[in-house]
Amino acid sequence: MITLSSAPRSRDGLALVLAACLVLAALFPAAARADAVILSFSTVGDSRQDPVSPDATTLPLSGQDQIWLQNTKAWSRIMRSIQSQKSNFLFFNGDMIMGYGKADVPADTSTVSAIVDSDLVQTYRQYAFWRGMVAPLMETGTYVVPVPGNHEVQWKAGGKIALEVNENAWRENMGDLILDPTRFKTLLGAPVDHFDVDNHPQIGGAPGNAADINGSSGTDLITTSQRQLSYSFDFKGSHFVIINTDPTGNDSHAPVNWLAADLAAARARGARHFFVFGHKPAYTYFYNDASGTPPKDKPITKTAGFDSDTKNRDLFWNLIETYGATYFCGHEHIFNAQQPTKTTGGNAWQVIVGSGGSPFEAAIVDSHNAATDRMYAWANVRVFQSGKVQLDAYGFDDAYGPTQLIKTIILAQ
Amino acid sequence: MQSTKILCLAALAAAFAAPVNAALTVDTGAPDGSGFPLLLDFNDWLAGQVTFTSSVQIDAINVYLDDIGNGTGTFTLALYADDNVKHLPENLLNSVSATFTHAGWNGAAHLDWSVGLGTYWIAIEGQDPFNGGFIGVMPVGAPAPLTHTAFNDSSGYRPADGLSFGLQVDTVAAIPEPATYAMLLTGLGLLGWRTRRIGN
């Protein structure tokens, strides 16, 4: 009897609860609830100072910056804001040091000064200073993810070519960050997913530019180990890829074959958002050149990225578009966000944030340039629970005025 | 004698019963968003110089904010003295925590901050984001911007005139302190005593 009589009451109660839930759901629709940020990151590059041709607005260089070759004022201020914005990651898109030397055993070891002045010691010293500058971020919840740039891996005196000794120096000075699963979990409260230090472009391929994601070789003309130079990982449903755009033997190229396989694997395991970071742009931003005679609105024409090889660029960009990815880079000391193939139906963004303190590309005298061309700038990206992805770019001018929101892009709805 | 008493009572009643009408002493108007918005977070603070031509009580301060999608959060509204040399915010006189609730005017009311005639700074300062601090922006393009403005990027306030963010300050006429009332009563008492003596 008890069972028979309680069952209808139980069903009535359940129906009541369901009805209440429906009423509440109608009154407070999900769309109206706060859309939580599930992860965020900041990205910038190019903080190194130039001892030969610094930006006029940074003169006189402090004694410190003359030795360790950073734009400490701009770069430390950017980091303070990144810290304040609670970014989970800082992706630094290369050229953190002046470098450009040959980090090999010094030819002259006869005196202390000869050793100290060697490319090897100079390179390590500059790395150490930059690492010290970013160290506080790693203590306050922001994991620093480094991306190699041409100043780290190339040797200028040898004709701006990447060297294996410089790639080794990169690993020596950055390897502990790429990636430290224990520290990662401590900082971010969740483990890094699908990071494999051995997942990188493999050595192989014929000389010349034969990179072809549909070809039989399936290689990226790699001649040296790219361990910790190109790598990838997942975090909270997003896939992050770091590419070395100046591998030894194939400078100014993206490893498109490896990237294609890496992105496909990430999609297969359910990654929803794709972010790719490299140093050199796929599409050069042709800001106005102020060096000519008036009118000074002549755009620069020399390519700065791997658009010097349009085949490689097009293969790369096709991947970016296919995966709805966003490409963040530096190299050009400027801020620029563009949709390079928008006129032909493309949607993907290339965001140049090579504006972390290095001498600006655009000259101060050229009023034809965009206001943001001479801003120290960085991007902050937030991935929301709903799937929305929002990019906000911030910057301050060369007079170190207040920080402004200079661009907002909804990368995904 | 009777008339003196009536006069005293009337004066007191008038003093206590005077209507307290808030006036919008500072009003830049709402920004139209015609330039890059200014970042407001724990590292990036803003301030505007305001002048009061008489002693007043600040009743409410509102600033025009946008949240860039982060939702709610707290920020600080602070009153500083002007340093009279560099004309920048100097000594902190008062501060209050406010909560961002929506894009537009946000702030705090019922402040009762007494200020004398002179020049001051109203600052909008971010709080620790790890403890609910607001991260957002202050749109610019207010139709009647403040003449003198400043910002602080954690290295102290620096001049940056021309920042056209939105600020409103409501004030009421200064309400005398208890000591002032005591002085008034003493004075009235003396007047009454003197009148009585003359009458006698």
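As the structure is a prediction and not an experimental result, all values here were calculated from the model.
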Proximal component of A:Gln85, with respect to chain B [non-hydrogen, under 4.5 Å]
both
Please evaluate residues A:Thr403 and B:Asp153 with respect to the criterion side chain to side chain donor-acceptor pair (under 3.5 Å), reporting the C-alpha separation (whole Å), side-chain torsions for both, the decisive distance (0.1 Å), and the verdict.
CA-CA 8 Å; A:Thr403 301; B:Asp153 67 344; over 6 Å; no
Please round to the nearest 0.5 Å and tell me the distance separating atom CD1 of B:Ile135 and atom CG of A:Asp392.
11.0 Å
Check whether any side-chain heavy atom of B:Leu39 sits under 4.5 Å from a side-chain heavy atom of A:Ser81, and report yes or no.
yes
Do other residues, nucleotides or ligands put more than 12 heavy atoms under 6.0 Å from the NE2 atom of B:His110?
no
Steps toward side-chain contact (heavy atoms from CB on, under 4.5 Å) verdict (B:Phe42, A:Lys86):
CA-CA 10 Å; B:Phe42 197 35; A:Lys86 300 192 293 184; over 6 Å; no
Hey, could you give me the OG/CZ distance between B:Ser155 and A:Arg77, rounded to the nearest 0.5 Å?
7.0 Å
At a heavy-atom distance under 4.5 Å, which candidate from B:Ile68, B:Val137, B:Thr72 has the highest pair count against chain A?
B:Ile68
Using non-hydrogen atoms only, which part of B:Leu40 is less than 4.5 Å away from chain A: side chain, backbone, both, or neither?
neither
Report which part of A:Met79 has an atom under 4.5 Å of a heavy atom belonging to chain B: side chain, backbone, both, or neither.
neither
Ring pair (Phe, Tyr, Trp, His ring centres under 6.0 Å) contacts in which one or both residues fall within residues 388-413 of chain A, not counting sequence neighbours:
A:Tyr376-A:Phe396, A:Tyr376-A:Tyr400, A:Trp378-A:Tyr394, A:Phe396-A:Tyr400
For chain B, which residues of residues 37-49 of chain A have at least one non-hydrogen atom nearer than 4.5 Å to it?
A:Val37
Just checking, is any N or O donor in the side chain of B:Asp44 or A:Ser84 under 3.5 Å from an acceptor N or O on the other one?
no
If I measure from the heavy atoms of chain B, does A:Thr408 come under 4.5 Å with its side chain, its backbone, both, or neither?
neither
Which atoms of B:Phe151 come close to chain A, meaning under 4.5 Å heavy atom to heavy atom: side chain ones, backbone ones, both, or neither?
side chain
To the nearest 0.5 Å, what is the distance between CD1 (A:Ile406) and CZ (B:Phe36)?
6.0 Å
